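Below, chains carry the letters A, B, ... as their sequence lines are ordered, and counting in each starts from 1. This one's a predicted model, so the numbers in the text were calculated from it and none came from an experiment.
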Protein chains: 2
Amino acid sequence: MMATLEEDEVEFRAGDVVRGTSDEVESIYIVKEGWLFSAVELGDGRRQILEFFVPGDVVGLHDLPYEQTSYELVTLTESTLCPFPKERLGPVFETSRAVTGLLFTFSLIDHVIMLDRLKSIGRLAAKDRIAHLMLTVRSRLCITNDELGDHFFFPIPQAEMADALGLTPVTISRSKAELQQEGLIRWQRREVELLDRAALEKRTRFDARYQNLDTSWFTTLCGGY
Amino acid sequence: MMATLEEDEVEFRAGDVVRGTSDEVESIYIVKEGWLFSAVELGDGRRQILEFFVPGDVVGLHDLPYEQTSYELVTLTESTLCPFPKERLGPVFETSRAVTGLLFTFSLIDHVIMLDRLKSIGRLAAKDRIAHLMLTVRSRLCITNDELGDHFFFPIPQAEMADALGLTPVTISRSKAELQQEGLIRWQRREVELLDRAALEKRTRFDARYQNLDTSWFTTLCGGY
DNA sequence: CGCTTTCTTGAGTGTTATCAATCCACGTGG
DNA sequence: CCACGTGGATTGATAACACTCAAGAAAGCG
């Protein structure tokens with residue numbers, strides 16, 4: 001269904017800035033390949049990373065009501081994106097309630113994910129913030145990969161973890177070491193393994209927001225056909 | 001237009017829990033009167049406040065894809081809410097693209113507001129977090145009140161500020177005192193005055209997300225009629 | 001195999017948290 | 001109208017967690 005929106009394709013290298021802050025809002029993107037993140041720079045070196053994106057994600061929906069982009073979009077790995085122009089969304093909304101409903105739903109789910117991250121940054125200790133982010137990413141990856149275990153590709157450098165969690169790289173490194181000593185995770189290079197997921201979920205009060213969905217909502221939204 | 005959704009009316013006293021966590025998702029609410037907030041309890045006394053709501057706000061949209069509510073909803077002041085049942089949204093989506101589009105847009109804007117709050121909690125110092133929240137609330141109030149100056153009703157107790165900003169009541173009190181000594185704000189009882197809004201906006205890198213909207217988006221969304 | 005980037009580790013500092021006491025505003029009832 | 005009680009706010013003293021600065025180790029890349 002989302003294939004409707006995947007017409008064009010653009011490739012990027014790792015570390016490329018796909019879109020800067022205050023660019024004109026021209027299109028949304030479907031992530032075909034690669035990992036990305038969105039971030040704000042505070043101007044004095046501080047940076048907050050807001051969301052991570054993986055293949056299958058829709059990027060930039062929430063910029064649509066604005067003339068200028070709120071945040072920059074940067075690749076973590078080589079990526080392939082399918083841009084879909086803003087002005088061509090009108091016709092899509094007119095002809096396909098299913099696509100409209102799906103985009104609406106994605107945006108609502110993403111919002112809840114952001115609320116969880118707010119909780120994490122606002123009220124969890126450094127170690128738990130790290131664990132919470134890993135659980136969230138895993139939960140997202142499970143949508144497109146049922147078989148995903150507790151050991152998966154995780155190409156987020158420590159500097160980016162820090163900026164995502166409101167911490168510093170030094171704290172990430174130390175907290176990682178502690179989590180490993182406690183036997184809770186193994187995180188080497190660009191891979192992570194959650195050795196005791198149940199314990200991590202409990203500590204961080206994790207909720208699987210991508211799962212536990214109410215299927216009746218989709219029929220409500222799309223009109224039952 | 002939103003009047004379509006305001007049929008029923010329910011009143012609450014200050015401090016009432018409108019909806020607990022893990023309740024069944026039965027309806028969204030339009031705030032007719034009063035201030036509210038949504039929050040998660042972490043179980044050990046810690047709490048994170050996620051959003052504040054004022055008259056005119058739509059509450060609970062992002063719970064729609066779920067069977068159970070993600071967060072509790074509590075009143076700060078006496079409030080009047082207009083619940084609108086989830087199962088009756090289907091017909092609304094079918095008949096009114098304008099309402100659908102408006103709800104979608106609200107949800108996108110709220111998402112960007114949350115991203116700003118994430119930045120605030122993740123990367124700003126205590127004093128700036130307080131200022132940022134005040135600016136955000138003011139910006140929201142300006143939608144329904146053009147004439148709003150820099151002095152307005154602000155019924156958020158310090159304990160709730162703390163839980164919203166990832167701080168403690170003690171820090172709120174001390175930071176407030178400093179902001180006042182610096183002549184940046186005056187905050188007494190349930191009123192606040194921003195004495196140097198330009199300076200506060202600069203310090204906190206504040207963006208007026210409720211303003212600066214792209215009006216062309218609405219015609220895109222609603223089909224140009 | 002060097003160069004660069006990322007990560008780790010140590011030492012010292014700082015912002016915010018914690019604990020606890022006091023103060024103040026406000027509502028209540030005598 | 002004033003005493004009293006309650007919950008919220010302030011203040012002081014101390015502690016903890018994360019930050020900063022800085023040096024060194026490891027990993028990635030040409």
Side-chain angles (χ1 to χ4, degrees), chain A residues 13-16 35 37 42 44-49 74-78 120-133 153-182 185-192 203, chain B residues 13-15 35 37 42 44-49 74-78 120-133 154-182 185-192 203:
Chain A
R13 306 189 160 279
D16 279 358
W35 287 53
F37 64 86
L42 301 212
D44 52 2
R46 283 180 295 178
R47 179 179 68 163
Q48 178 67 43
I49 289 182
V74 182
T75 55
L76 274 173
T77 66
E78 273 188 49
S120 166
I121 297 183
R123 286 295 181 222
L124 298 186
K127 286 194 289 182
D128 292 334
R129 291 187 210 176
I130 294 171
H132 188 268
L133 181 55
F153 182 58
F154 190 80
I156 306 180
Q158 297 192 2
E160 276 66 34
M161 283 292 271
D163 284 333
L165 299 175
L167 299 167
T168 58
V170 177
T171 301
I172 298 292
S173 176
R174 288 196 229 270
S175 304
K176 170 202 158 183
E178 282 186 52
L179 283 166
Q180 292 191 148
Q181 272 157 24
E182 293 167 33
I185 67 168
R186 186 154 35 215
W187 178 18
Q188 297 296 335
R189 328 237 180 120
R190 309 168 93 194
E191 307 234 323
V192 75
R203 289 176 59 139
Chain B
R13 305 188 162 279
W35 287 52
F37 64 85
L42 301 212
D44 52 2
R46 283 180 295 178
R47 179 178 67 163
Q48 178 67 43
I49 289 183
V74 182
T75 55
L76 274 173
T77 67
E78 274 187 49
S120 167
I121 296 182
R123 286 296 182 222
L124 297 186
K127 287 194 288 181
D128 292 334
R129 290 187 212 177
I130 294 172
H132 188 268
L133 181 56
F154 190 79
I156 306 180
Q158 298 192 1
E160 276 65 36
M161 283 293 270
D163 285 333
L165 300 176
L167 299 166
T168 59
V170 177
T171 301
I172 298 291
S173 176
R174 287 196 230 270
S175 304
K176 170 203 159 181
E178 282 186 53
L179 283 166
Q180 292 192 148
Q181 272 157 26
E182 293 168 32
I185 67 168
R186 187 155 33 218
W187 177 18
Q188 297 296 333
R189 329 241 179 115
R190 310 167 92 193
E191 307 235 323
V192 74
R203 288 176 59 139

Heavy-atom contacts, protein to nucleotides 24-30 of chain D, under 4.0 Å, summarised as B (base), S (sugar-phosphate only) or - (none) per nt, yield ----S--
By side-chain contact (heavy atoms from CB on, under 4.5 Å), A/Thr168 pairs with (sequence neighbours left out) A/Val170, A/Thr171
A correct 5'-to-3' footprint of nucleotides 13-20 of chain C, with B, S and - meaning base, sugar-phosphate only and no protein heavy atom under 4.0 Å, is ---SSBB-
Between side-chain atoms of residues 185-192 of chain A and protein atoms elsewhere (two or more places apart, or another chain), which donor-acceptor pairs fall under 3.5 Å?
{"residue": "A/Arg186", "atom": "NH2", "partner": "A/Glu193", "partner atom": "OE1", "Å": "3.3"}
{"residue": "A/Glu191", "atom": "OE1", "partner": "A/His151", "partner atom": "NE2", "Å": "3.1"}

Sequence neighbours excluded, the answer for side chain to side chain donor-acceptor pair (under 3.5 Å) partners of B/Thr75 is none
Rounded to whole Å, CD of B/Glu160 lies from P of D/dG7 at a distance of 14 Å
Closest non-hydrogen contact found for A/Pro169 with A/Ala162 is N-CB, 3.5 Å
Rounded to 10°, the angle between the first-five-pair and last-five-pair axes of the helix from C/dT8-D/dA23 to C/dG30-D/dC1 is 40°
Original post:
Got a donor-acceptor contact below 3.5 angstrom from the A/Arg123 side chain to the B/Arg46 backbone?
Top reply: no
Between the CD atom in B/Gln48 and the CD1 atom in A/Ile121, the distance rounded to the nearest 0.5 Å is 9.5 Å
**Item:** B/Leu165 and B/Leu124, any side-chain heavy atoms less than 4.5 Å apart
**Value:** no
Residues passing the side-chain contact (heavy atoms from CB on, under 4.5 Å) test with A/Pro157, sequence neighbours excluded, are A/Leu76, A/Glu160
Contacts of B/Ala131 meeting side-chain contact (heavy atoms from CB on, under 4.5 Å) (sequence neighbours excluded), chain-then-number -> B/Leu200, B/Thr204
Applied to residues 169-178 of chain A, the salt bridge (Lys or Arg N to Asp or Glu O under 4.0 Å) test, sequence neighbours excluded, yields A/Lys127-A/Glu178
To the nearest angstrom, the NZ-C1' distance between B/Lys176 and D/dT11 comes to 13 Å
Between CZ of A/Phe154 and P of C/dT6 the distance, given in whole Å, is 16 Å
B/Trp187 atom CH2 is separated from C/dA25 atom P, nearest whole Å, by 16 Å
So do the side chains of A/Val74 and A/Ile49 get within less than 4.5 Å of each other, counting heavy atoms only?
no
Rounded to whole Å, the CD-C1' distance (B/Glu191 to C/dA25) equals 15 Å
B/Met161 CE to D/dG8 P, in whole Å, measures 16 Å
